[in-house]
Chemist: 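First the structure, which I've put down as structure tokens, then a few questions once you've had a look.
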Amino acid sequence: GGDSGTGSGGSGASGIVGKAEGQKKLVIGVKADQPGLGLQTGSQYEGFDVEIAKIIAKGLGVEEGNIEWKTTVSANREPFIQQGTVDLVVATYTINDERKQKINFAGPYFIAGQDLLVKADSTITGPEQLEGKKVCSVSGSTPAKRMQTEYPKAQLQQFDAYSKCLPLLENGQVDAVTTDDIILAGYAAQDQYAGKFKVVGKTFSEEPYGIGLKKEDKTGCEKINEILKAAASDGSYKAAWDKTLGKSGKAAPELDTTKLTNCGSV
Amino acid sequence: MTTGEPLIVLDSVNKWFGPLHVLDDVSLSVGRGEVVVVIGPSGSGKSTLCRTINRLEPINSGTITFDGQPLPAEGKALAKLRSEVGMVFQSFNLFAHKTILENVTLGPLKVRKEKPSVARERGLALLDRVGIANQADKFPAQLSGGQQQRAAIARALAMQPKAMLFDEPTSALDPEMVGEVLDVMTSLARDGMTMVVVTHEMGFARHAANRVIFMADGKLVEDAPPTEFFANPRSERAKDFLSKILTH
Amino acid sequence: MTTGEPLIVLDSVNKWFGPLHVLDDVSLSVGRGEVVVVIGPSGSGKSTLCRTINRLEPINSGTITFDGQPLPAEGKALAKLRSEVGMVFQSFNLFAHKTILENVTLGPLKVRKEKPSVARERGLALLDRVGIANQADKFPAQLSGGQQQRAAIARALAMQPKAMLFDEPTSALDPEMVGEVLDVMTSLARDGMTMVVVTHEMGFARHAANRVIFMADGKLVEDAPPTEFFANPRSERAKDFLSKILTH
Amino acid sequence: MSTSSVLYDHPGPRARIRNNVLSVVFGVGVVALLWWVYSKFDAAGQWEAVLWKPFTEPATWTQFILPGLWATLKAAAVGMVLSLVFGIVFAVGRLSDHWWIKVPAGAVVEFFRAVPLLLMIFFVFYGVPFLIQGPVSAFWAVVVGLTLYNGSVLAEAFRAGIRSVPGGQSEAAYAIGMRKSQVMQLILIPQAARAMLPIIVSQLVVLLKDTALGYIVAYPELLQRGVNDLAANKGNIVAAAMVAAAIYIVINSLLTALAGWLDRRSRTRGLRVPRQTRPAAAADSTPEGGATVSEPQG
Amino acid sequence: MHVFADPTNFDAYLSGFLWILKLTGASAVFALVIGVLLAAMRVSPVPVLRGFGAAWVNIFRNTPLTLVVFFCYFGLFSTLGLSLAEDLNLNNYWLGVIGLSVYTAAFVCEAVRSGVNTVPTGQAEAARALGLTFAQTLRIVVLPQATRSVVAPFGSILIALCKNATIVGTIGLMESSNVMKDLLNANGDAVIPIFLVFAGTFAALLIPTGYFFGWLANRLAVKR
Ligand SMILES: Nc1ncnc2c1ncn2[C@@H]1O[C@H](COP(=O)(O)OP(=O)(O)OP(=O)(O)O)[C@@H](O)[C@H]1O
Ligand SMILES: Nc1ncnc2c1ncn2[C@@H]1O[C@H](COP(=O)(O)OP(=O)(O)OP(=O)(O)O)[C@@H](O)[C@H]1O
Ligand SMILES: [Mg+2]
Ligand SMILES: [Mg+2]
């Protein structure tokens, strides 16, 4: 699949806006293994990220049926964008300067924060207590990197998916699982873990989730930001939340449209 | 039995394997329709001699002519020469993955590009001639040694060769099967095929050969009609060899 | 040449390979110092017969006794029996990773626990007896077939066996080497060794055997002194076999 | 059985008793160990119904396991065909008389045999797009990686196989006037393919297993869909892994059994190449090994 | 090459290959021991032992190594509670060694078994005909000859083992494939040089190993 975007420059017509207009199709990368955000259930994908992606596609004039979903993992998001494998990435994608070197970010559409998932009866209340403890995360992800640099005294167990961390937490081989709070909330809410875990609730970072696209595609980025602004005001943003993460009872956050990126303009 | 100019002529042929002088200035001519039996101790160069004639072994010096032409060195011409010289090996070397009939028709089909029906018909006739027509659809491994060797002879004959080379065709056989192969060979000889036969079967040499050649250490030591050779070998080497072979 | 009670006695021995009846009610006794030659067409069970005598093949029914004792089924006793029965194979089966002398002394050292010096001395004497003392330190692959087979005979003799079994000892050899092996066997026979010899060498059967046994389809068809057998075979099968083997 | 009789004698009565005692002791030991593992898993709650219930639901199979299996088989099948082609081409290349074919072919084969597949798939997926200025799908990353590695191994197997065909076979072919290419096509390659069948199939089993490395580029194969993604939905990762392992074992055992059957069949019939009723048309362009061996994957 | 000029990256590169070498070394020893034992079982006259050997070979040869390593982690460690070291990396290392060993042992077993099969029947028969016992036949005649024909397959198995060690990365050990993955992520502009350095290191380690085993096999080959 994905013959999109090759050689798309900064001018509007050849970026995602151009593609959406011309081909009425988009390839969007989402996570496949994160309950509540991007979870592949059979042939469908569901979650908040997926809903946001649908809103954007709609804003660009692409029908839901014409979206080609692609599974991405944390490690392959930049390459996917750079190589044109996908047009957009909406996959718990933290905006940071390092990544901005390679790609462009629209959004953020949500501000998450790194947090800890521990056993329901655990006494751990924050990352300071992790010294000498074992913590599980996903290799290549921002939370894993932050653990390594900021809390090097904790022992870090890395896997390719968070789903592998949970049985370890359950059996006591690791003391905590760390990543963004809403991802953790998604797992904690799963049936088979109900009541066993808790999210500590003390975030120790700010993770603004952005929408990744080609570095040159400034037009596309600006267009997406406009779509997000519209979504915040017309209620579709809240609807997306309520349909997914909102089910855990957490109220929909405000989408702060003043914080949207400048799409790389100096 | 010999008519006209000879079919195979070797002139001062030399061949080395590294330091080993395997054919030492060998000259020999074989007339059309002639049957020449080559004998000699192991390692004396009999097989090598045989194999130089269709250039399975290249030679280092000297010349070999076949049917008036020097042996071509490579390519189409060499392949053509080989298709005109049938060869039968000690270990049969039937193509293990093909049936007997396929073995026999493979050359006509692939080398001569004959029509399948023609090749098949001649193949069956040849299998009949060597007495194994009823085995046509079996695989080599399903046949006895004697049957395999007869199939190998039919395979060589299918190319309608001008001469046939036999390298110890019976020495891998159980004794009670030697006879059936020798019978086929004798009938071939009787029909006028030019043959060079390396063998230890002195009976065959006696009654089917026109000439017996004795080799030792790469040299062609004696060349005489069988009656003369067996009754009165001239060299010591030949006498010694015959005494070893005939007295047990 | 036979003295006292027989050394090897087979009584109504039957053996199947799956559905194949390879030994069909075979009874046979071999006296001390007797030389028995076994002949017969391929697949008739000659090798199997030979191998049952030192229990390389177990039998399905019947009894075999050696030197008055029934063959032991396993363990030390079986190993001891085997060390008393020398065996020589068609394909020599010298231990490829050991020198000729090591091959010959292995049994005495490891089975008989003899002193190295004693084993070595007798080993060299035996190699001398079979005419290859000068090859003692070579590896099997460096010897000619005839030399290898003589080494194999020396290896069997090194255990000072009461009887020797030979399974087609010369049929893998080049013709001019057959004689040297048969010579060693003939001299053994002359020295009074009890021998069972499967062979196609009719010369050897004629001049060295006390009895010739003809087998066909797992049955022991004839058992007669060689002169009688060759002059006047009683069964059709034997006549047919002899005619195939002797007339070329 | 025939292999074992090489080593030891037919057991006598005492040996049989000893063997039986050993059988019982060892058998009881193994069963005890399995029981211990079972009960430890039980204690850890691994047999709880909630973990296994998903496997009774059709959706688990139709949406996770079977699509994953299909992706696995698809990658394996394409990989098999391509590796066989690659293998034959490079084997013949290495046997060439011309150094300028032989040396590069050898270098390619040696290199790809030495580089871990994981690295290769990774590189094809992330590196090659920079070279070709276009995306490479996860499917092709997996297939190309598998082909380069397994093709190189097969090239060596074929080369060994071609060299293991008795010299007399090609001599006999030359003696009836065949050219070198004919000897290769009509005699050597078909026989090598027969002789190497066990090695070829075990390499194909390796290839099928190695599709599991596709997880690294998120190729949705059995391990990715049936274990990672399924467990993300149902939280039953150990159970899911057991089911996936069982599927791999069954498929690969079938493949191995098929190879054994083909091998035995060709042995009892001499060295038969199946589907070869038309000697005239056989093996003109397509190497026969390719078609016959990869058939079961279809 | 600027990527490897950075000492952090270079250290990661070195420690990645160090893990690979350590995994290979320890697993090779265990796999050899287990594999030979399994082969002994497979050629033994005791049906249960033969069955056990066969089952082992069939299970491990037919399961992806990724899954085997996975079971070592989630089965042995997480469920059965087999903890091999306090330190997380060390624990993962040993779990990886177990996985690689039991997996590779299946291949060692088959190599040894087919090595035994290359010894012609006649050799063992001749030994028995001399009166050597089962143990003597095995020790003096069969194994010395089998050993020599097993060298070349052992070489291929060792090479495969070394490459397979990268799979231990799935349970989080920072061996070279994981290091390469991280470096590639961080240096999208230097993808090809990074790959060439890692692949080249493996080639430099393994191609000579292959030639060494080929040479050894030739030297030890029994002339027949
Ligand atoms: N390809 C080869 N490379 C090296 N030496 C060879 C080769 N072929 C044959 N020889 C050697 O050349 C000599 C002659 O061999 P040749 O096979 O012609 O003898 P022969 O008379 O046919 O013997 P035999 O009766 O054993 O078949 C022998 O010493 C043999 O070892
Ligand atoms: N281990 C075995 N398993 C099954 N069948 C066997 C076995 N050994 C021999 N046979 C069969 O038993 C029959 C007798 O074999 P045997 O080797 O005793 O015959 P032979 O008379 O020695 O023949 P040859 O002259 O060919 O050596 C043959 O049909 C043979 O195929
Ligand atoms: Mg010869
Ligand atoms: Mg026999």
Side-chain angles (χ1 to χ4, degrees), chain B residues 51 53-57 74-117 119-120 123 137-143 148 152 155-159 161 165 167, chain D residues 97-98 158 161-162 164-197 200 262-285 287-289 291-293:
Chain B
R51 293 155 54 84
I53 295 175
N54 67 353
R55 218 172 180 284
L56 279 180
E57 295 287 359
E74 60 192 342
K76 281 236 174 69
L78 177 59
K80 179 157 182 303
L81 163 88
R82 285 177 176 158
S83 73
E84 289 176 350
V85 184
M87 178 144 193
V88 176
F89 303 83
Q90 175 177 3
S91 46
F92 329 142
N93 294 344
L94 290 175
F95 304 130
H97 62 305
K98 306 235 173 229
T99 65
I100 298 302
L101 184 59
E102 286 167 358
N103 263 279
V104 174
T105 54
L106 189 68
L109 289 172
K110 296 291 173 176
V111 178
R112 286 274 155 78
K113 315 280 182 204
E114 287 178 14
K115 273 217 279 244
S117 60
R120 189 186 151 80
D137 294 323
K138 291 199 183 157
F139 286 90
Q142 297 169 296
L143 267 57
Q148 289 193 50
R155 176 176 67 182
L157 290 175
M159 300 300 288
L165 310 172
D167 188 5
Chain D
D97 294 334
H98 309 289
F158 276 128
I162 287 171
S164 77
V165 175
Q169 293 285 322
S170 49
E171 282 196 344
Y174 283 121
I176 57 173
M178 283 195 206
R179 310 288 301 273
K180 194 177 170 182
S181 60
Q182 287 180 311
V183 175
M184 197 54 110
Q185 275 176 41
L186 295 172
I187 308 297
L188 294 180
I189 289 177
Q191 289 203 36
R194 295 279 108 203
M196 292 289 105
L197 195 58
I200 291 171
L262 282 175
D263 190 40
R264 269 192 308 282
R265 198 177 69 147
S266 64
R267 243 177 248 284
T268 51
R269 299 196 189 179
L271 280 168
R272 180 166 163 69
V273 178
R275 292 193 292 130
Q276 218 208 294
T277 43
R278 327 134 285 154
D284 269 340
S285 54
E288 288 170 39
T292 21
V293 173

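Just so it is clear: chains get the letters A, B, ... in the order the sequence lines come, proteins before strands, and each one is counted from 1.
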Chemist: Considering only heavy atoms, which portion of Arg112(B) lies under 4.5 Å from any heavy atom of chain D: side chain, backbone, both, or neither?
Modeler: neither

Chemist: Could you tell me whether Arg120(B) atom CZ has more than 12 heavy atoms of other residues or ligands within 6.0 Å of it?
Modeler: no

Chemist: Does any heavy atom of chain D fall under 4.5 Å from the side chain of Lys138(B), the backbone, both, or neither of them?
Modeler: neither

Chemist: When heavy-atom pairs shorter than 4.5 Å are enumerated against chain D, which of Gln90(B), Glu84(B), Arg51(B) gives the highest number?
Modeler: Arg51(B)

Chemist: Indicate the atoms forming the closest heavy-atom contact of Ala175(D) with Met87(B), along with that distance.
Modeler: CB-CB, 4.0 Å

Chemist: How about Ile176(D) and Lys110(B): do any of their side-chain heavy atoms sit closer than 4.5 Å?
Modeler: no

Chemist: Measure Gln182(D) against the heavy atoms of chain B and call it side chain, backbone, both or neither at under 4.5 Å.
Modeler: side chain

Chemist: Taking atom NZ of Lys76(B) as the centre, does the number of heavy atoms from other residues, nucleotides or ligands within less than 6.0 Å exceed 12?
Modeler: no

Chemist: Is the backbone of Leu186(D) close enough, under 3.5 Å, to the side chain of His97(B) for a donor and an acceptor to pair up by distance?
Modeler: yes

Chemist: For the CG atom of Asn54(B) and the OH atom of Tyr174(D), what is their distance to the nearest 0.5 Å?
Modeler: 12.5 Å

Chemist: On a heavy-atom basis, which atom in Asn93(B) and which in Ala172(D) lie closest, and how many Å separate them?
Modeler: O-CB, 3.5 Å

Chemist: I need the Met178(D) CE to Arg82(B) CZ distance, nearest 0.5 Å.
Modeler: 12.0 Å

Chemist: For Leu78(B), is it the side chain, the backbone, both, or neither that has a heavy atom closer than 4.5 Å to a heavy atom of chain D?
Modeler: neither

Chemist: Heavy-atom distances under 4.5 Å only: say whether Val85(B) touches chain D with side chain, backbone, both or neither.
Modeler: backbone

Chemist: What are the two closest heavy atoms between Phe89(B) and Glu171(D), and how far apart are they?
Modeler: CE2-OE1, 3.7 Å

Chemist: Where on Lys115(B) is there a heavy atom nearer than 4.5 Å to chain D: the side chain, the backbone, both, or neither?
Modeler: neither

Chemist: Restricting to non-hydrogen atoms, name the atom on Arg179(D) and the atom on Ala79(B) that form the minimum distance, rounded to 0.1 Å.
Modeler: CD-CB, 3.5 Å

